[in-house]
Amino acid sequence: MKYTSTRDASIVCSFEEAICSGYAPDGGLFVPASLPHVDAGTLESWSGLTYPQLAFAVLRLFIASEEIDNDALEAICHASLRGFTNPDHAVPLRFVGGMYVVELFHGATFCFKDLGLSAVIQLLSFFATRRKTPTTLLVATTGDTGPAAVQAVSDAHNPLLTLLVHYPKGQISDFQRKQLTTVQSPYVAVAAFEGSGDDMDRPIKNLLQKLQTKERRLTGVNSYNIGRPLMQMVHYIWAYLRVMETLKEKPGNPDMTVNVVLPTGAMGNMVGGYMAKQMGIPLGLCISGVNVNDITDRVTRTGQFHKSAAMERTLSEAINIQLPYNFERLLFYLSGDHARIKEWMTTVDLTSKNDLPPDWLQLLQQEFQSERITDEEMCAMTRQVRDDFSYIIDPHTAVAFCAAKRRGYYCSNNNSDSNSAANNNTPVILLSTASPCKFQEAVTVAIGKEGWDRYYESEFPARGKALMQLEEVEPVLYKAQGSGGDDALQKSQDAWERQSLDIIKGLVAGKADP
Ligand SMILES: *Cc1c(COP(=O)(O)O)cnc(C)c1O
């Protein structure tokens with residue numbers, strides 16, 4: 001399987017080049033040159049597989065065996081899932097509110113990002129070793145990507161694989177910060193910047209473009225990296241197969257589709273699902289729950305893809321996003337037109353906004369819908385799900401529950417008759433993206449201190465409790481420059497880029513070693 005850029009079909013490269021460079025050389029995103037078709041027979045044969053076996057079967061379709069042979073790929077899939085509570089069944093499903101809640105958070109850092117990132121980092125570690133090429137990973141995080149990357153790089157423990165992670169100071173939970181600052185690995189550096197969510201995206205994109213050489217690889221592992229959506233297809237297929245099993249239906253029947261509801265930020269999770277759908281997995285509507293940072297909601301309703309003036313603080317900060325980069329992949333899969341994507345995205349790159357032409361908007365609306373959810377609604381929903389089912393959910397999952405409720409998918413009991421009626425007989429999967437243990441502050445706002453305390457005593461994972469006791473190492477600080485406005489941001493970003501560069505040089509030179 002070869003890879004190409006969303007913006008230019010004449011760019012053709014191997015899987016290794018695609019995953020090791022993050023962005024395509026023309027600033028577009030990598031996509032597989034084609035999507036294989038998965039027929040009903042294949043889906044049926046996948047029903048009995050464990051999670052690592054399914055991951056292998058899916059990834060095998062996208063990675064030529066000359067690049068990674070079967071044994072190595074199998075080992076990579078197993079290693080990727082080792083951090084999960086039950087690797088063979090890494091993603092359990094529960095029936096809550098008339099929907100199949102897909103718990104994606106049983107990995108090392110209690111978030112769905114463990115699924116995609118641990119695989120990507122195992123793959124990068126494999127290539128770094130085979131090429132004997134030092135590889136440095138760059139990450140900007142609004143919360144959950146950083147911890148998952150730090151854990152995965154620390155676990156890979158490969159001197160050729162180092163990581164620099166950036167997070168917006170004061171804008172991640174205490175638990176997440178501890179996940180970043182308590183890992184003792186010579187291969188990991190952590191920096192905090194005085195800015196918001198995606199303010200580090202531009203410096204990172206610049207560094208990735210400027211610093212790439214033959215002797216040293218720099219790779220972004222946010223979800224613009226194609227490895228993330230690829231691995232994130234697996235949990236859609238897994239969930240679909242489990243639902244068919246429960247309903248005693250043969251998988252692959254195109255008349256028996258499953259709708260998906262999920263909390264959406266950079267759309268990496270969503271694109272994984274859409275790629276699976278394009279391969280023939282019978283998925284129906286995809287409904288995104290977003291918070292008041294609502295560009296995804298605006299573009300699906302009106303076609304306006306306009307970066308908002310400022311990032312709003314919310315209680316679901318992992319989905320605070322101003323420009324979701326995977327929208328480009330979505331448009332690509334909707335339209336298949338590289339030249340128009342290039343033109344359209346170039347305007348977005350230059351002006352931070354563009355409007356969808358009517359034909360694209362129509363295609364988008366046929367398959368994607370969204371709901372904008374305020375913090376108050378999210379909190380009320382968290383209480384309702386607790387009251388109805390004694391089930392505690394995290395703020396991002398609660399955003400998805402709100403979206404499901406608006407659609408009429410949510411039932412206050414699990415009585416199957418009322419569920420079928422509400423859902424028009426279409427089963428619904430709801431992707432639960434994080435454990436509530438990561439978000440004490442937000443969960444406490446929703447269910448009160450007493451509610452949190454009860455959760456802490458009865459359900460809070462022991463591994464999480466141990467983390468809270470560990471000593472933190474102060475991260476490097478990138479200070480804001482000037483006094484507000486776009487000019488100041490630009491100045492800050494230039495300064496931060498230089499600071500990052502210095503840290504990267506240290507990591508590559510092995511100065512990170514104690
Ligand atoms: C990252 C994240 C999301 C959003 O996923 P995207 O792929 O960026 O859309 C949702 N929930 C949680 C908890 C996350 O960490």
Side-chain angles (χ1 to χ4, degrees), residues 29 101-118 120 139-151 165 167-168 171-173 175-176 179-180 197-198 201 220-236 260-276 286-291 293-297 299-300 314-330 368 370 373 378 382 393-403 430-443:
L29 300 187
V101 175
V102 183
E103 294 188 343
L104 301 171
F105 56 77
H106 294 281
T109 70
F110 306 104
C111 169
F112 99 99
K113 303 241 175 17
D114 287 324
L115 287 162
L117 270 167
S118 57
V120 167
V139 174
T141 185
T142 51
D144 293 318
T145 307
V150 164
Q151 191 64 48
V165 45
Y167 70 91
Q171 293 180 43
I172 63 176
S173 76
F175 190 89
Q176 290 169 325
Q179 288 183 313
L180 292 172
D198 33 20
D201 285 358
V221 290
N222 283 89
S223 61
Y224 49 78
N225 188 306
I226 184 61
R228 297 272 302 275
L230 282 183
M231 185 66 181
Q232 286 163 192
M233 288 193 301
V234 179
H235 58 250
Y236 285 87
V260 180
V261 188
L262 77 167
T264 296
M267 299 191 182
N269 201 359
M270 197 163 126
V271 161
Y274 195 52
M275 289 170 72
C286 174
I287 293 140
S288 285
V290 301
N291 64 27
N293 295 294
D294 59 354
I295 184 167
T296 295
D297 189 59
V299 74
T300 37
T314 69
L315 294 172
S316 52
E317 286 186 300
I319 54 171
N320 285 357
I321 203 98
Q322 288 182 283
L323 278 180
Y325 15 68
N326 277 288
F327 190 59
E328 180 165 351
R329 284 199 177 102
L330 206 62
F368 296 93
S370 73
I373 310 297
M378 181 280 288
T382 307
I393 52 178
D394 96 286
H396 308 87
T397 304
V399 166
F401 264 95
C402 280
L430 184 146
L431 303 187
S432 176
T433 48
S435 161
C437 78
K438 299 190 85 164
F439 303 102
Q440 173 172 5
E441 202 181 323
V443 175

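One is the number of the first residue; the rest follow in order along the sequence. Quick caveat, the model's predicted, so the values are computed rather than measured. Order of appearance sets the numbers: ligands from 1, and atoms from 1 within every ligand.
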Problem - Residues that D294 engages under salt bridge (Lys or Arg N to Asp or Glu O under 4.0 Å), provided they are two or more places apart - result: R298, R372
Handout entry: Side-chain donor-acceptor pair present, T300, S370, cut-off under 3.5 Å
Key = yes
Short N or O contacts of ligand 1 with protein, under 3.5 Å, listed by atom name?
unit_1, atom_1, unit_2, atom_2, d
ligand 1, 7 (O), G268, N, 3.0
ligand 1, 7 (O), N269, N, 2.8
ligand 1, 8 (O), A266, N, 2.8
ligand 1, 9 (O), G265, N, 2.8
ligand 1, 9 (O), A266, N, 3.3
ligand 1, 9 (O), M267, N, 2.9
ligand 1, 11 (N), T433, OG1, 2.7
ligand 1, 15 (O), K113, NZ, 2.6
ligand 1, 15 (O), D144, OD2, 2.5

Exercise for the section: Under the side chain to side chain donor-acceptor pair (under 3.5 Å) rule, collect the residues that match up with E328, sequence neighbours excluded. Expected result: T6, R7
Practice task
Could you list the residues that satisfy salt bridge (Lys or Arg N to Asp or Glu O under 4.0 Å) with D144, not counting sequence neighbours?
Solution key: K438
Exercise for the section: Indicate whether any N or O donor in one side chain lies under 3.5 Å from an N or O acceptor in the other, for N326 and R329. Expected result: yes
Practice task
State, without any angle test, whether H235 and N269 hold a side-chain donor-acceptor pair at a distance under 3.5 Å.
Solution key: yes
